[in-house]
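This report concerns only the one structure given below.
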Amino acid sequence: MAAVDTAQKEASPVALPGLGRALMSAGKLTQKSAEDIYKKSQSSRTSFIAELTGSGAVSAADLAHTVSAVFGAPLLDLDAIDPLRLPKDLLDSKICAAYRVVVLSKRNNRLIVATADPTDQEAAEKIKFTTQMGVDWIIAEYDKLSRLVETSTKSASESMDTLISGGSDFEFDDVAVEEATENTDAGTEVEDAPIVKFLHKMLLDAFNMRASDLHFEPYEHQYRVRFRIDGELREIASPPIAIKDKLASRIKVISRLDISEKRVPQDGRMKLKVGPDRVIDFRVSTLPTLFGEKIVIRILDPSSAKLGIDALGYEAVEKERLLSAIGRPYGMILVTGPTGSGKTVSLYTCLNLLNKPGVNIATAEDPSEINLPGVNQVNVNEKAGLTFAVALKSFLRQDPDIIMVGEIRDLETADISIKAAQTGHLVLSTLHTNDAPTTLTRMRNMGIAPFNIASSVILITAQRLARRLCPVCKAPADIPHEALVDAGYPEHEIDGSWVTYKPVGCSACNNGYKGRLGIYQVMPISEEIQRIILRDGSALEIAEQAKREGVRSLRDAGLHKARLGLTSLEEVLAVTNE
């Protein structure tokens, strides 16, 4: 009797999953091979699709194309997806890992979900029950989907959850953050290993991803971490909101800030040691918001000032004008542009060229961002009474050859700077204006006499930073003739001998861009421009005269970079205005 029962069990058909039946009907599997794969998956406690692709019976690409054709669902190549741009918190990461699915987007009350097996009813029901939303399947290759699931579920958010539970064994080789010397009770309170490790990880990740800033932002029901990469903010992590106070306290301790003061903004610095001989400085700024302190950390890499003037992206004529100006014994050189446009790096590149044993250089900044050996650097401290004006007055008693002022903010600072430039010193500084011609009228509006401006300023550089196109994946852009004319290209230059390029996106870049390059307007103050200043002429008159003298506007300089294929036309239009 037992033998009969065994024979009946062996003869009874195997209840194949829907994917197996679909592949059999499409002629991709025989019934026997499908049943063998299913039995093997049952015995090894793996999914049918994992056993199917792992055994080599059907390749992941062939499977995806077959499933897409059989079920009439769209097929997506996941190599085109940036894991960092996937929507967060729409579906629990454990469900994504268990069923090998990834949420791509949300449309109304339906989730667009990537899967390799649209017959998995258990996954569909679980997603519907958990999210209370419908599911629209997008077919993807199983191997690429598995990699994307691993990438997206092992986010910093998950790491933080693990860290807080005390289950992490993160290793940070050759990393040490410079600790505060004060040994306070509050300082020992925040010696929370998970928080310490999470902060170390964020700082290292930011450095490795070549980010310029880190933003730690608390909201009512959310806490997020964003990095500014190539000028664009990208969300990197969404750790539990419960850590916001401990993380803020940890950052304050190592930045030597007052951790008991949460009502007013504070500024500080900290260091990260990367390897035995590489130390990166960070500038820290805290800001009280409705739901906690927002903290922005700027990465200050001293090596950026030693790249050389060629690495900044100056054209040959612009480079020659700048080198000629900094080679003069006295006068004022101004660098203008918005925050984050690379003014400090440009100034320090010039200082690096001028930094010789026979030259006395002094700088006053708020705060000093890049450490340059051989240069006497002073941090302005308004509370202690050390203002730009006070520092400048002291510099003039210290026998300087070259003075760098971080920013001309008021009439007193401007007046002392101009007097220094008129009495045998080379003065470098920055102003916040849109372009070079408006800088002169801005100084006039501050109350500086036209004669003093004309007799002291020798060159003004306006600059912007544009994202550089990825050389691996950039593609020719089909831009209509009229659009090129509207952008600013002269009719006679649009002759078909050159093309503009557009971003595409690949694994080597960030949405088609990799790194940034400078766009510059370098305007020497000629005798004719001095005459316009002396008669109190407008910025428009100065701009017209500069154009006659061969000075490109910022838009023209950007269009030239686009014509060379270094950046896209849309990026030039975004960072310059006319």
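None of these values were measured; they are calculated from a predicted model. In what follows, every heavy atom counts, from backbone to side chain, and hydrogens, waters and symmetry copies are set aside.
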Tell me, do Leu353 and Ile326 make a side-chain contact under 4.5 Å, heavy atoms counted?
-> yes

With distance as the sole test, does Thr423 use its side chain to make a donor-acceptor pair with the main-chain N or O of Lys419 at under 3.5 Å?
-> yes

Evaluate the side-chain proximity of Ile458 to Ile525: yes if any heavy-atom separation is below 4.5 Å, no if none is.
-> no

Closest heavy-atom pair and its distance - Gly558, Val572 = O-CG2, 3.2 Å

Taking every heavy atom of Ile448 against every heavy atom of Ala414, the minimum-distance pair comes out as CD1-CB, 3.4 Å

Test item: Lys262 and Pro288 side chains (from C-beta on) under 4.5 Å apart, heavy atoms = no

Would you say the side-chain atoms of Asn352 and Thr349 include a donor-acceptor pair closer than 3.5 Å?
-> no

Can you find a heavy atom in the side chain of Leu440 that is under 4.5 Å from one in the side chain of Met523?
-> yes

Thr336/Gln463 under side-chain hydrogen bond (donor to acceptor under 3.5 Å, both in side chains): CA gap, chis, key distance, verdict = CA-CA 6 Å; Thr336 74; Gln463 64 183 66; over 6 Å; no

Contacts of Tyr223 meeting ring-ring contact (aromatic ring centres under 6.0 Å, His included) (sequence neighbours excluded), chain-then-number -> none

How far apart are the closest heavy atoms of Gly337 and Lys343, and which atoms are they?
-> O-NZ, 3.1 Å

Do the side-chain N and O atoms of Asn360 and Asn376 include a donor-acceptor pair separated by under 3.5 angstrom?
-> yes

Check whether any side-chain N or O of Ser249 sits under 3.5 Å from a backbone N or O of Asp245 as a donor-acceptor pair, and report yes or no.
-> yes

Would you say Lys502's side chain and Ile479's backbone share a donor-acceptor pair under 3.5 angstrom?
-> no

Are any of the side-chain nitrogens in Glu232 or Arg226 under 4.0 Å away from the carboxylate oxygens of its partner?
-> no

When rounded to the nearest 0.5 Å, the distance separating CZ of Phe216 from CD1 of Ile243 is 8.5 Å

Where the side chain of Lys294 meets the backbone of Phe291, is there a donor-acceptor pair that is under 3.5 Å apart?
-> no

Side-chain H-bond candidate by donor/acceptor type, Gln521 with Thr461, under 3.5 Å = no

Verdict with reasoning, Glu493 to Arg563, per salt bridge (charged side-chain N to carboxylate O under 4.0 Å, His left out) | CA-CA 10 Å; Glu493 286 188 8; Arg563 179 174 174 171; 3.1 Å; yes

State, yes or no, whether a side-chain contact exists between Leu347 and Thr363 at a heavy-atom distance under 4.5 Å.
-> no

Between Ile254 and Leu199, is any pair of side-chain heavy atoms under 4.5 Å apart?
-> yes

Could you check Phe395 against Val378 for side-chain contact (heavy atoms from CB on, under 4.5 Å), going step by step and ending with a plain yes or no?
-> CA-CA 10 Å; Phe395 288 169; Val378 174; 3.7 Å; yes

Rounded to the nearest 0.5 Å, how far does CZ of Phe207 lie from CD1 of Ile299?
-> 8.0 Å

To the nearest 0.5 Å, atom CD1 of Ile532 lies from atom CD1 of Ile529 at 6.5 Å

Verdict with supporting geometry, Tyr489 and Asp556, side-chain contact (heavy atoms from CB on, under 4.5 Å) | CA-CA 8 Å; Tyr489 286 108; Asp556 290 339; over 6 Å; no

Would you say Thr439's side chain and Asp435's backbone share a donor-acceptor pair under 3.5 angstrom?
-> yes

Donor-acceptor under 3.5 Å (His425 side chain, Tyr330 main chain) = no

Between Ala462 and Leu554, what is the shortest heavy-atom contact and its length?
-> O-CD2, 3.6 Å

Please check if any side-chain donor atom of Tyr513 sits under 3.5 Å from a side-chain acceptor atom of Arg468, or the reverse.
-> no

With side-chain contact (heavy atoms from CB on, under 4.5 Å) as the test, would you mind laying out the steps for Lys474 and Lys514 before giving the verdict?
-> CA-CA 11 Å; Lys474 68 179 181 180; Lys514 187 175 184 180; over 6 Å; no

List the steps, then state whether salt bridge (charged side-chain N to carboxylate O under 4.0 Å, His left out) holds for Asp536 with Arg444.
-> CA-CA 8 Å; Asp536 214 6; Arg444 183 73 186 91; 3.2 Å; yes

If you round to the nearest 0.5 Å, how far is OG of Ser456 from CG of Asp415?
-> 10.0 Å

Nearest heavy-atom contact between Thr567 and Ala466 is OG1-CB, 4.2 Å

Donor-acceptor pair, Arg555 side chain versus Thr576 backbone, under 3.5 Å?
-> yes

CD (Glu527) with more than 12 external heavy atoms under 6.0 Å | no

Is a donor on one side and an acceptor on the other found under 3.5 Å between the side chain of Gln377 and the backbone of Leu372?
-> yes

Value for CD (Glu261) from OG1 (Thr286), rounded to nearest 0.5 Å, stands at 9.0 Å

Of Arg250, Lys246, Lys244, Lys252, which is the lone residue that meets salt bridge (charged side-chain N to carboxylate O under 4.0 Å, His left out) with Glu293?
-> Lys252

Atom NE2 of His215 and atom CD1 of Ile297: how far apart are they, to the nearest 0.5 Å?
-> 10.0 Å

Sub-3.5 Å donor-acceptor pair from the side chain of Arg531 to the main-chain atoms of Ser526, do we have one?
-> no

Donor on one side chain, acceptor on other, Gln422 and Asn452, under 3.5 Å | yes

Among Leu428, Val375, Leu426, find the one that has a side chain to side chain contact (heavy atoms under 4.5 Å, CB included) with Ile361.
-> Val375

Would you tell me whether Gln545 and Glu549 have side-chain atoms, one donor and one acceptor, within less than 3.5 Å of each other?
-> yes

Does the pair Asp230 and Arg467 meet the rule for a salt bridge (charged side-chain N to carboxylate O under 4.0 Å, His left out), with working shown?
-> CA-CA 6 Å; Asp230 294 338; Arg467 291 181 292 173; over 6 Å; no

Test salt bridge (charged side-chain N to carboxylate O under 4.0 Å, His left out) applied to Arg321 and Glu318, step by step = CA-CA 5 Å; Arg321 289 171 180 163; Glu318 297 166 348; over 6 Å; no

Would you find more than 12 non-hydrogen atoms of other residues, nucleotides or ligands less than 6.0 Å from Tyr219 atom OH?
-> yes

Which atom of Arg516 lies closest to which atom of Gly231, heavy atoms considered = NH1-CA, 3.4 Å

ring-ring contact (aromatic ring centres under 6.0 Å, His included) against Tyr520, all qualifying residues, sequence neighbours excluded | Tyr314

Could you check Gln222 against Ser238 for side-chain contact (heavy atoms from CB on, under 4.5 Å), going step by step and ending with a plain yes or no?
-> CA-CA 7 Å; Gln222 179 194 6; Ser238 184; 4.1 Å; yes

Have Glu407 and Thr430 got a donor and an acceptor in their side chains that come within less than 3.5 Å?
-> no

For the pair Asn208 (side chain) and Leu204 (backbone), establish whether a donor and an acceptor sit closer than 3.5 Å, ignoring hydrogens and angles.
-> yes

